[in-house]
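Take a look at the structure set out below.
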Amino acid sequence: MAAALAAASRQSWRRLFRWRASGSRAPCGLVCTTRGLSDGGAYDLLVVGGGSGGLACAKEAAEFGKKVAVMDFVAPSPRGTSWGLGGTCVNVGCIPKKLMHHAALLGGALADAHHYGWGVAPSAPHDWQQMTKAIQNHVKSLNWGYRVQLQERNVKYFNIQGSFVNDHTVRGFTKAGKEMLVTADHIVLATGGRPRYPSDVEGAMEYGITSDDLFWLKDSPGKTLVVGASYVSLECAGFLTGFGLDTTVMMRSVPLRGFDQQMALLVTDYMESHGTKFLKHCTMKKLEKLKNNRLQVTWNNHDTNTEEMSVFDTVLWAVGRVPETRRLNLDQVGVKLHPDSQKILVDAGEVTSVPHIYAIGDIAESRPELTPTAIMAGKLLARRLFGQATELMDYDNVATTVFTPLEYGCVGLSEEEAESRYGEDNIEVYHAYYKPLEFTVPERDSSQCYIKMVCLRERDQRILGLHFIGPNAGEVIQGFALGIKCGATYPQMKKTVGIHPTSAEEVTKLWITKRSGLPATVTGC
Ligand code: FAD
Ligand code: NDP
């Protein structure tokens, strides 16, 4: 009965669309008078947003032989920066970020190289233009690759900004200004987010930039003030410092909120001791442009209760992101948003308040803002919709890494979360400082290389969280994440034979508990 009703309703909206497109009077009395209307077609699935989640979902649905369309449109940043198909990660996120992080690490490697016998100067000037040209070429090749992948799978691509007309119809305007209507049985929203600008700071949008602009700047940003203290801020400040730029982070509260705070402070300590400046407990007041085009910045220092001022070439806002829900006309179809975050409310199956409309990735409420979760959620959704699968996305124990100069990778609970969930007496924290072998010859400082494993104290001592600061933290933590996902315990970790000589083996060697009070200092092999 339900299936018959759904089929009947699909038939009626398709009929309504045909009437609308033909400009004649629909039976409900709706008169469709739009001129230059273009019929984008009717699809089994329409995905709005061609980023990490949307493309994965569309490609997977096409594998089931379904008729699929993707709408993707990049609204230029207030500075006018724009890019191609692929979404945040590819164009203004993970990919250019990781490549710039690598470029900065290479600068550090130069400093080490002469200790290892290379006849190179311990430092060399960095060429921003050369780096960005190479990175942008790579990004453009990825944009092209996505278009080819869609074509190969017969997925129709519309370079238009979608907005709902009714709950099965999305409209947009082509570059030529023609209105296009696309209808679908199922609609997946995957429109991600964009950087936030503060509303209470004079000159913020006029003179500041965001991560949407940074990766596409033609010239080096020069002396930079990065506002915010989370992933985007610390990663960008880290690589800018690595290029030899005078870089300052302005923090209003704690670094990396939500992460284990002991680890977060080690990350910022390392950055501070390697050249990044920090303005702590400070909030921005205004930005003014000087005659020489530099920016005069005024802020309040809440520790000293004073107003302070300095001049920078660039101010980078890294104060969080705004979900791209505003242009979708969601009110029209009854898709409900979280009142605070303005993200789309979804259930465990990514279903919104409208049964055939789904939301995945950054746009969905209470989901991690990470590319691999958006991709996996998109693929699983397509399999449930068209492949008779039932598997839901499991958002627990998702590993992540902050690509700061000394990387921080983690999976599972922070010490604080474990304490509040299980009680301080019921958890055991194993920890150790360690010295990566590669740091020894050039005598690099390893004071912040630290590992922490949070376990249940009783019975099987299940591992609740693993935190690693050191080189290649992302590579280290990924494999352990599998173990933790499978319910690994401390005794199993103890039985795991390490790979020598690596930093990852230090995880298998952890034996000092915080409770014991023994010093967690470096032990040699
Ligand atoms: P997006 O990738 O943002 O894609 C949404 C797409 O929809 C965009 O192309 C957008 O233009 C388009 N769109 C919006 N509205 C409409 C509309 N109305 N009609 C048509 N199209 C529309 N994650 C990691 O896992 N690792 C990292 O190292 C990492 N680094 C990051 C670094 C930075 C600087 C940033 C900002 C993010 C980073 N992330 C990282 C997060 C990651 O980029 C996002 O979680 C991921 O891109 C979200 O994917 P999505 O599919 O939800 O949305
Ligand atoms: P977040 O929302 O994580 O952090 C925002 C930061 O800005 C916080 O430090 C916050 O401080 C601060 N802030 C907010 N408003 C103001 C203000 N008005 N003035 C001063 N500071 C302010 O945003 P991000 O943009 O850093 O990251 C967004 C998401 O992107 C992350 O959650 C992550 O999932 C993803 N990402 C992932 C990466 C990776 O995987 N390596 C890299 C980059 C991004 P406070 O704590 O006081 O609120």
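The shown structure was predicted, so the numbers you read here are calculated from the model rather than taken from an experiment. When a residue number appears, it is its place in the shown sequence, counting from 1.
- Annotation for G162 and M71: closest pair CA-SD, 3.6 Å, computed over non-hydrogen atoms.
- Counting heavy atoms from C-beta outward, F259 and C410 have side chains that approach closer than 4.5 Å.
- The closest side-chain heavy-atom distance from V155 to Y157 is not below 4.5 Å.
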Step-by-step side chain to side chain contact (heavy atoms under 4.5 Å, CB included) determination, L214 to F239: CA-CA 12 Å; L214 180 69; F239 65 67; 3.7 Å; yes
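- Formation of a donor-acceptor pair under 3.5 Å by the H338 side chain with backbone atoms of A364 is not found in this model.
- Inter-residue side-chain proximity for R421 and L464 is flagged as unmet; no heavy-atom pair is nearer than 4.5 Å.
- Sparse packing is recorded around NZ of K156, with 12 or fewer heavy atoms of other residues, nucleotides or ligands lying under 6.0 Å away.
- Interatomic distance, CH2 of W83 versus CH2 of W216, reported as 9.0 Å (0.5 Å rounding).
- Atom OG1 of T224 is separated from atom CG of L245 by 6.0 Å, given to the nearest 0.5 angstrom.
- Listed for the T325 side chain is a donor-acceptor partner under 3.5 Å among the backbone atoms of Q342.
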Apply the test side chain to side chain contact (heavy atoms under 4.5 Å, CB included) to residues Y270 and T404: give CA-CA distance (whole Å), side-chain angles for both, the deciding distance (0.1 Å), then the verdict. CA-CA 9 Å; Y270 182 89; T404 35; over 6 Å; no
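- Shown here is K379, whose NZ atom has no more than 12 heavy atoms of other residues, nucleotides or ligands within 6.0 Å.
- With sequence neighbours excluded, the residues forming a side-chain contact (heavy atoms from CB on, under 4.5 Å) with T132 are M100, W128, Q136, listed by chain and number.
- The closest side-chain heavy-atom distance from L99 to V139 is not below 4.5 Å.
- Nearest heavy atom pair, residue G50 against residue L85, reads O-CD1, 3.8 Å.
- Once rounded to the nearest 0.5 Å, the distance linking CG of L225 with CG of L316 reads 8.5 Å.
- Put simply, the side chain of H168 gets close to the backbone of A184: a donor and an acceptor are under 3.5 Å apart.
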Side chains of residues 326-333: which donor-acceptor partners sit under 3.5 Å, not counting sequence neighbours?
residue: R326; atom: NH2; partner: E324; partner atom: OE2; Å: 3.3
residue: R327; atom: NH1; partner: E324; partner atom: OE1; Å: 2.8
residue: R327; atom: NH1; partner: E324; partner atom: OE2; Å: 3.2
residue: N329; atom: ND2; partner: F164; partner atom: O; Å: 2.8
residue: Q332; atom: NE2; partner: V165; partner atom: O; Å: 3.1

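- Residues meeting the side-chain contact (heavy atoms from CB on, under 4.5 Å) test with T174, sequence neighbours left out: I160, A176, K178, M180.
- Residue Q478 places its CD atom among 12 or fewer non-hydrogen atoms of other residues, nucleotides or ligands, all under 6.0 Å distant.
- Taking 4.5 Å as the limit, some side-chain heavy atom of R384 sits within range of a side-chain heavy atom of E350.
- For the residue pair K485 and D396, the shortest heavy atom distance occurs at NZ-O, 2.8 Å.
- Inter-residue side-chain proximity for R367 and D362 is flagged as unmet; no heavy-atom pair is nearer than 4.5 Å.
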Decide side chain to side chain donor-acceptor pair (under 3.5 Å) for E407 and N472; before the verdict, give the C-alpha distance in whole Å, the side-chain angles of both, and the deciding distance to 0.1 Å. CA-CA 7 Å; E407 297 174 7; N472 305 306; over 6 Å; no
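- Classification of E179 and R171 as a salt-bridged pair holds, one side-chain N sitting under 4.0 Å from a carboxylate O.
- Under a cut-off of 6.0 angstrom, the local environment of CZ in R153 is crowded, with over 12 non-hydrogen atoms contributed by other residues, nucleotides or ligands.
- In this structure, Q261 contributes its side chain and L256 its backbone to a donor-acceptor pair below 3.5 Å.
- A donor-acceptor pair under 3.5 Å is formed between the side chain of S353 and the backbone N or O of K336.
- For the salt bridge (Lys or Arg N to Asp or Glu O under 4.0 Å) condition, no pair includes a residue of residues 65-81, sequence neighbours left out.
- What you find for M205 and P78 is that their closest heavy atoms are CG-CB, 3.9 Å.
- No donor-acceptor pair under 3.5 Å is formed between the side chain of T401 and the backbone N or O of F403.
- I484 has its side chain within reach of L466: a pair of non-hydrogen atoms, C-beta onward, lies under 4.5 Å apart.
- When the shell of 6.0 Å around CE of M131 is examined, it contains more than 12 heavy atoms from other residues, nucleotides or ligands.
- The two residues A473 and G409 come nearest to each other via the heavy atoms CB-N, 3.5 Å.
- H356 places a side-chain N or O within donor-acceptor distance of the main-chain N or O of D167, the cut-off being under 3.5 Å.
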Check the pair L413 / V454 against side chain to side chain contact (heavy atoms under 4.5 Å, CB included), numbers first and verdict last. CA-CA 8 Å; L413 302 185; V454 185; 5.8 Å; no
Before giving the answer on side chain to side chain contact (heavy atoms under 4.5 Å, CB included), spell out for R252 and V227 the whole-Å C-alpha distance, their side-chain angles and the decisive distance to 0.1 Å. CA-CA 9 Å; R252 69 175 179 185; V227 189; over 6 Å; no
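- A donor-acceptor contact shorter than 3.5 Å links the side chain of W317 to the backbone of A204.
- Of the possible polar contacts, one joining the N91 side chain to the G84 backbone as a donor-acceptor pair under 3.5 Å is found.
- Here R383 contributes atom CZ and Q388 contributes atom CD; the two are 14.5 Å apart, rounded to the nearest 0.5 Å.
- Residues satisfying the side-chain contact (heavy atoms from CB on, under 4.5 Å) criterion with L370, sequence neighbours excluded, are Y231, P368, P372, T373, V398, T400.
- In this pair, H186 and Y358 present their aromatic rings tilted. The plane angle is within the 30 to 60° band.
- Checking side-chain atoms of T352 against main-chain N and O of I357 turns up a donor-acceptor pair under 3.5 Å.
- Under 3.5 Å, the side chains of D213 and T81 contain a donor-acceptor pair of N or O atoms.
- Using a 4.5 Å heavy-atom cutoff, the side chains of D260 and Y408 are in contact.
- Interatomic distance, S77 OG to R194 CZ, rounded to the nearest 0.5 Å: 6.5 Å.
- The structure places NZ of K343 at 8.0 Å from CD1 of I363, a figure rounded to the nearest 0.5 Å.
- Of all heavy-atom pairs between V346 and E365, the closest is CG2-O, 4.2 Å.
- Considering only residues two or more places apart in sequence or on other chains, S211 meets the side-chain contact (heavy atoms from CB on, under 4.5 Å) condition with P195, F215, V232, R321.
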